Colleague: 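First the structure, which I've put down as structure tokens, then a few questions once you've had a look.
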Amino acid sequence: MSAIDPMDEVGARPTAWTEARVAEVDRPTADTVRLRLEPVDRQRHRPGQHYLVRLRAPDGYVAQRSYSLASDPDDPLLELLVERLPDGEVSEFLADVLEVDDVLEVRGPLGRWFAWDTTTPALCLVGGTGVVPAVSMQRAASRLGRADLLRVVAVGRAPGHLPYAEELAAGGATLAWTRATVGGHRAGAPTVEEVTPLLAGVEVAFVCGSARFASYAETLLQECGLDPGAIRVERFGPTG
């Protein structure tokens with residue numbers, strides 16, 4: 001994800017490392033694991049923020065990665081979605097080894113810039129596991145009765161490969177499949193003609209996904225006429 005500011009905070013309270021018990025583990029798709037964590041000190045987050053997860057090996061080696069929150073801010077648990085990456089020293093442990101009641105070191109919430117205030121009309125254009133912050137935003141919007149302020153376009157390869165697809169669709173999101181024709185919609189990424197109407201009244205757009213997806217989405221939004229200053233991008237992966 002984006003660079004981490006060690007003094008990033010919510011309100012006036014600096015974030016600090018704490019512990020979180022693993023309350024739930026499930027695998028919504030073949031290459032992802034959903035974690036529900038019960039932290040010792042649950043700080044309220046803004047939709048779109050993320051947490052750091054830190055692992056320590058017996059020899060003292062430390063590795064950490066950041067993961068976006070899917071949780072609604074009112075959820076007492078932290079919900080993370082982890083994509084299992086080949087040779088991913090953190091993701092492989094979280095996907096293959098971690099069990100309920102294990103304890104993780106976590107720090108957050110982080111990322112004030114890529115956070116929705118729940119009052120500004122917004123659009124999310126997200127791809128793959130980059131849907132996670134959009135899930136948090138959609139859950140918050142639904143709870144607050146502000147679904148009209150948030151539009152979500154989520155892009156995946158095909159049904160069964162996009163996390164939270166059913167929940168997003170039920171909440172009014174537009175789903176697009178790049179490698180499958182579904183419901184008469186031909187396979188392919190969203191176009192200018194499809195996205196432009198969704199930007200009516202939108203004041204800020206959130207883009208989250210791989211570096212390749214983020215580049216495509218940012219360019220698409222500008223081609224749709226959105227001011228580049230209104231676009232907030234969060235990339236993940238080796239070139240993110």
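The shown structure was predicted, so the numbers you read here are calculated from the model rather than taken from an experiment. Side-chain atoms are counted along with the backbone in the values below, which use heavy atoms only and exclude waters and symmetry mates.
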Colleague: To the nearest 0.5 Å, how far apart are OG in Ser68 and CG in Leu80?
Modeller: 9.0 Å
Colleague: Less than 6.0 Å separating the ring centroids of Tyr51 and Tyr67?
Modeller: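 No, ring centres 6.0 Å or more apart.
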Colleague: Does Val192 belong to the same Ile/Leu/Val/Met/Phe/Trp/Tyr cluster as Leu198, with side-chain heavy atoms less than 4.5 Å apart forming each link?
Modeller: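 Yes, it is one cluster - the side chains of Val192 and Leu198 are joined through contacts under 4.5 Å.
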Colleague: Heavy atoms only: give me the nearest Cys208-Phe114 pair and the separation to one decimal.
Modeller: CB-CZ, 4.0 Å
Colleague: If you take all heavy atoms of Gly48 and Pro133, which pair is closest and at what distance?
Modeller: CA-CB, 3.9 Å
Colleague: Applying the 4.5 Å side-chain criterion to the ILVMFWY set and letting contacts propagate, would Leu85 and Leu52 be lumped into a single cluster?
Modeller: no
Colleague: Among the clusters formed by ILVMFWY side chains lying less than 4.5 Å apart, do Leu55 and Tyr61 turn up in the same one?
Modeller: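 No.
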Colleague: Quick one: NE2 on His161 to OG1 on Thr178, what's the gap to the nearest 0.5 Å?
Modeller: 10.0 Å
Colleague: Between Trp113 and Arg232, is a side chain to side chain contact (heavy atoms under 4.5 Å, CB included) present by the stated rule, with each step listed?
Modeller: CA-CA 8 Å; Trp113 182 74; Arg232 302 182 184 183; 3.4 Å; yes
Colleague: With a 4.5 Å limit on heavy-atom distance, are the side chains of Glu105 and Val53 in contact?
Modeller: no
Colleague: Would you check if Val153 and Cys124 make a side-chain contact, meaning some heavy-atom pair closer than 4.5 Å?
Modeller: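 Heavy-atom side-chain distance check fails, nothing below 4.5 Å.
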Colleague: Determine the minimum heavy-atom distance between Pro163 and Val131, stating which atoms define it.
Modeller: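 Answer, listing the atom of Pro163 first, then Val131: O-CG2, 3.4 Å.
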Colleague: For a 4.5 angstrom cut-off between non-hydrogen side-chain atoms, does Asp96 reach Arg84?
Modeller: yes
Colleague: Has Asp59 got more than 12 heavy atoms of other residues, nucleotides or ligands less than 6.0 Å from its CG?
Modeller: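 Result for CG/Asp59: enclosed.
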Colleague: Does Glu166 have more than 12 heavy atoms from other residues, nucleotides or ligands lying within 6.0 Å of its CD?
Modeller: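 No, CD of Glu166 has 12 or fewer neighbouring heavy atoms, counting only those of other groups under 6.0 Å.
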Colleague: Using side-chain heavy atoms (C-beta onward) and a distance below 4.5 Å, is Thr18 in contact with Val106?
Modeller: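 Yes, side chains in contact.
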Colleague: Is the shortest side-chain heavy-atom distance between Val25 and Val33 below 4.5 Å?
Modeller: yes
Colleague: What's the verdict on side chain to side chain contact (heavy atoms under 4.5 Å, CB included) for Val103 and Val22, showing C-alpha distance, side-chain angles and the deciding distance?
Modeller: CA-CA 6 Å; Val103 176; Val22 179; over 6 Å; no
Colleague: Please step through side chain to side chain contact (heavy atoms under 4.5 Å, CB included) for the pair Gln222 and Ile231, ending with a clear verdict.
Modeller: CA-CA 9 Å; Gln222 292 182 52; Ile231 304 172; 3.8 Å; yes
Colleague: Does Gln49 use its side chain to pair, donor to acceptor, with the backbone of Arg46 at less than 3.5 Å?
Modeller: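 Yes; at least one donor-acceptor contact below 3.5 Å.
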Colleague: Do Arg21 side-chain atoms and Leu104 backbone N/O form a donor-acceptor pair below 3.5 Å?
Modeller: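 Judged by distance alone, no pair lies under 3.5 Å.
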Colleague: If we ignore hydrogens and angles and just use 3.5 Å, is the side chain of Asp102 paired with the main-chain N or O of Glu99 as donor and acceptor?
Modeller: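 Yes, Asp102 side chain to Glu99 backbone: donor-acceptor pair under 3.5 Å.
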Colleague: Considering only heavy atoms from C-beta outward, does the side chain of Pro28 approach that of Tyr164 to under 4.5 Å?
Modeller: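 A side-chain contact under 4.5 Å is absent here.
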Colleague: Let me check something: do Val204 and Val132 share a hydrophobic cluster, defined by ILVMFWY side-chain heavy atoms less than 4.5 Å apart, either directly or through other members?
Modeller: yes
Colleague: What's the spacing between Leu220 CG and Thr196 OG1 if we round to 0.5 Å?
Modeller: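 That separation rounds to 7.5 Å.
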Colleague: Which pair of non-hydrogen atoms, one from Ser71 and one from Arg42, has the smallest distance, and what is that distance?
Modeller: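 That closest heavy-atom pairing would be CB-NH2, 4.2 Å.
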Colleague: Would you say the side chain of Leu168 lies within less than 4.5 Å of the side chain of Gln138, judging by non-hydrogen atoms?
Modeller: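 They are in side-chain contact.
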Colleague: Starting from the C-alpha separation in whole Å, work towards a yes-or-no answer on side chain to side chain contact (heavy atoms under 4.5 Å, CB included) for Leu125 and Phe206.
Modeller: CA-CA 6 Å; Leu125 180 52; Phe206 297 94; over 6 Å; no
Colleague: Could you grab the distance from atom CH2 of Trp116 to atom CE of Met137, nearest 0.5 Å is fine?
Modeller: 8.0 Å
Colleague: Under 4.5 Å between side-chain heavy atoms, counting indirect links through other Ile/Leu/Val/Met/Phe/Trp/Tyr residues: same cluster for Leu77 and Val135 or not?
Modeller: no
Colleague: Checking side-chain contact (heavy atoms from CB on, under 4.5 Å) between His45 and each of Asp72, Asp75, Leu69, Leu110, which is the one that passes?
Modeller: Leu69
Colleague: Taking the side chain as C-beta and beyond, is there a heavy-atom pair between Thr118 and Pro47 under 4.5 Å?
Modeller: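 Yes, their side chains come closer than 4.5 Å.
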Colleague: Where is the tightest heavy-atom contact between Arg235 and Ala214, given as atom of each residue plus distance?
Modeller: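 The pair with the smallest heavy-atom distance is CG-CB, 3.5 Å.
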Colleague: Can you confirm if the NZ or CZ of Arg54 lies within 45° of the ring axis of Trp17 and under 6.0 Å from the centre of its six-membered ring?
Modeller: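 So Arg54 does make the cation-pi contact.
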Colleague: Okay, side chain of Glu218, backbone of Ser215: is any donor-acceptor separation there less than 3.5 Å?
Modeller: no
Colleague: Which pair of heavy atoms, one from Trp177 and one from Ala165, lies closest together, and at what distance?
Modeller: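 Scanning both residues, the minimum pair turns out to be CH2-CB, 4.3 Å.
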Colleague: With rounding to the nearest 0.5 angstrom, report the CZ to CG distance, Arg139 to Asp74.
Modeller: 12.5 Å
Colleague: CZ/Arg65 to OG/Ser91 distance, rounded to the nearest 0.5 angstrom?
Modeller: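 The distance works out to 8.0 Å.
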